[in-house]
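Below you'll find the structure, written out as structure tokens, and then a few comments.
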There are 2 protein chains.
Amino acid sequence: MKSKRIPKATIGRLAVYVQVLESLRRDRVEVVSSEKLAQACSVNSSQIRKDLAYFGEFGVRGVGYYIQELITSIKRSLGIDRVWNCALVGVGNLGRALMKHRDIPRKGFVIKAAFDCDPDRIGLVIKGIEVMCLSRIKEVVPSLDVEVGFISTPPERAQRAANFLIEAGVRGIVTFAPARLEVPANIPVEYVDFSHHLYAVAFYINQEANKA
Amino acid sequence: MKSKRIPKATIGRLAVYVQVLESLRRDRVEVVSSEKLAQACSVNSSQIRKDLAYFGEFGVRGVGYYIQELITSIKRSLGIDRVWNCALVGVGNLGRALMKHRDIPRKGFVIKAAFDCDPDRIGLVIKGIEVMCLSRIKEVVPSLDVEVGFISTPPERAQRAANFLIEAGVRGIVTFAPARLEVPANIPVEYVDFSHHLYAVAFYINQEANKA
DNA sequence: CCGCGCATGTGAAATTTTTAACATGAGCTG
DNA sequence: CAGCTCATGTTAAAAATTTCACATGCGCGG
């Protein structure tokens, strides 16, 4: 386990490995080889061993990987072996859907506070969380130990939301708004935008058509 | 403009360029240099010129890129300068949200049909679309010129949904189910799963912490 | 209408990432 | 307990991608 720069692509694949491993675990499989796992994830088996090697030695030679153990190890490596407190800015349709989405807490991300600047929304209670005025964010985020910010505002207000969140002390942002954000270099931002996948599928369909 | 294999990463970036360019257009900006665009997208300016070069020459030397024109060119390159008819399988919470989601048609993807295997859901009408039994898919997809399949079933039924869609003749799939799919090599699949972004942000936050 | 400035498009260099190859070590068998 | 099998962990090679550097060519000003 050497401390080297870890490729962004590796992080993405680790998430896939976890997904596939959890699916295997549901099927009561206990051990898997890098070769088998590779097939299920549509990647090369060396790739898997390489990716895992960034974080340690998790397998048993001649045997493979114990699935439960590997899931735990990957989650620890990614830092998702604990709960992350989150704050959400922008309580529109999307924001409300996120607050109600069961899979988010299931993955260890708990929305502890929600903010908006629309007076009509302030005071609403969704899933036990009261929507607060954005001006209170600086007081609330530290007191609730919030480390991650979710942005679900319209694109034109995303930057403002980001500024508020960072000012309030969040350490990373996941934004669902279709807008790029300018943030300090030490604040990671993840852009969630499934329209990119729509574009991609259209492109690859055309590409297949041109092959044939 | 040479016909070379186009990196997957390039496709992802093109989608980002479109997003940023459309934002600039909203601000009435008419021309942009690769350098300016690069900054807004947090990439290298050579990268942008390289990415665009796969598809043609869209800029004017000494001037830059005409934004409206570039948007059109990129969209044509990606194949999103037209409408794509889609069919959705799995009308649970997520499926219904997708059917109501305005941004999907806005991007040129129109859901023309919806399928489920739960009798309680068959017959429901959502956004003018009647939910049909999955057994009818093979008749409906060709008759409505559907080319793209959306999967929003639980993970354990995603593969079955994919099989039905492909059998019915869709050319590509966008799946929202947290499961990997086995499909013929000529059918592109895009996996939409924002939990990957949650994992990523957690990892990068930890990484920042270890730096300091 | 010539020359200058500027930003593109591109070929080559540098870097990163992926794939292949193999030595290592765990576990099983006789 | 020696030897054999198998799959990992790792080193080296190959491939792909990103970045650099600059020649090309458009537009403007004198």
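Below, chain A is the first sequence line, B the second, and so on; all start at residue 1. These figures come from a predicted structure and were not determined experimentally.
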Handout entry: Donor/acceptor link under 3.5 angstrom from A:Lys50 side chain onto base of C:dT17
Key =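 Answer is no: no donor-acceptor pair is held.
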Completion exercise
Given protein heavy atoms under 4.0 Å, the one-letter contact record of nucleotides 3-9 of chain D, with B base, S sugar-phosphate only and - none, is simply ---BBBB
Handout entry: Check ion pair B:Lys8-B:Glu190 (N to O, under 4.0 angstrom)
Key =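 Yes.
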Exercise for the section: Could you identify which residues of residues 40-48 of chain A place a heavy atom less than 4.0 Å from some atom of DNA chain C, listed by residue number, or say none? Expected result: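 The answer is A:Asn44, A:Ser46, A:Gln47.
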Expressed in angstrom and rounded to an integer, what is the separation of [X] atom [atom1] from [N] atom [atom2]?
X	N	atom1	atom2	result
B:Ile6	D:dT18	CD1	C1'	17 Å
A:Asp51	C:dT16	CG	P	17 Å
B:Ile11	D:dA16	CD1	C1'	15 Å

Handout entry: From CA spacing to verdict: side-chain contact (heavy atoms from CB on, under 4.5 Å), A:Tyr17, A:Asp51
Key = CA-CA 10 Å; A:Tyr17 304 158; A:Asp51 285 339; 2.7 Å; yes
Exercise for the section: Begin with the C-alpha distance, continue with both residues' side-chain angles, and end with the deciding distance and a verdict on side-chain hydrogen bond (donor to acceptor under 3.5 Å, both in side chains) for B:Gln68 and B:Thr72. Expected result: CA-CA 6 Å; B:Gln68 176 54 61; B:Thr72 305; 3.1 Å; yes
Handout entry: Pairs satisfying salt bridge (charged side-chain N to carboxylate O under 4.0 Å, His left out), at least one member in residues 155-169 of chain A, at least two apart
Key =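 Qualifying pairs, neighbours excluded: A:Lys138-A:Glu167.
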Practice task
Taking the six-membered ring for Trp and the single ring otherwise, decide whether the centroids of B:Phe115 and B:Phe164 are under 6.0 Å apart.
Solution key: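 No: the rings miss the under 6.0 Å criterion.
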Handout entry: B:Phe109 ring center near B:Phe150 ring center (under 6.0 Å)
Key =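 No, too far apart.
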Exercise for the section: Using atom types as modelled and distance alone, determine if a side-chain donor or acceptor of B:Glu208 lies under 3.5 Å from a backbone N or O of A:Ile187. Expected result: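 Absent.
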Handout entry: Whether B:Asn85 side chain and B:Leu144 backbone form a donor-acceptor pair below 3.5 Å
Key =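 Side chain of B:Asn85 to backbone of B:Leu144: a pair is present.
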Handout entry: Contact under 4.0 Å: A:Arg5 side-chain N or O vs C:dT15 OP1/OP2
Key =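 False: A:Arg5 side-chain N/O out of range (4.0 Å or more) of C:dT15 OP1/OP2.
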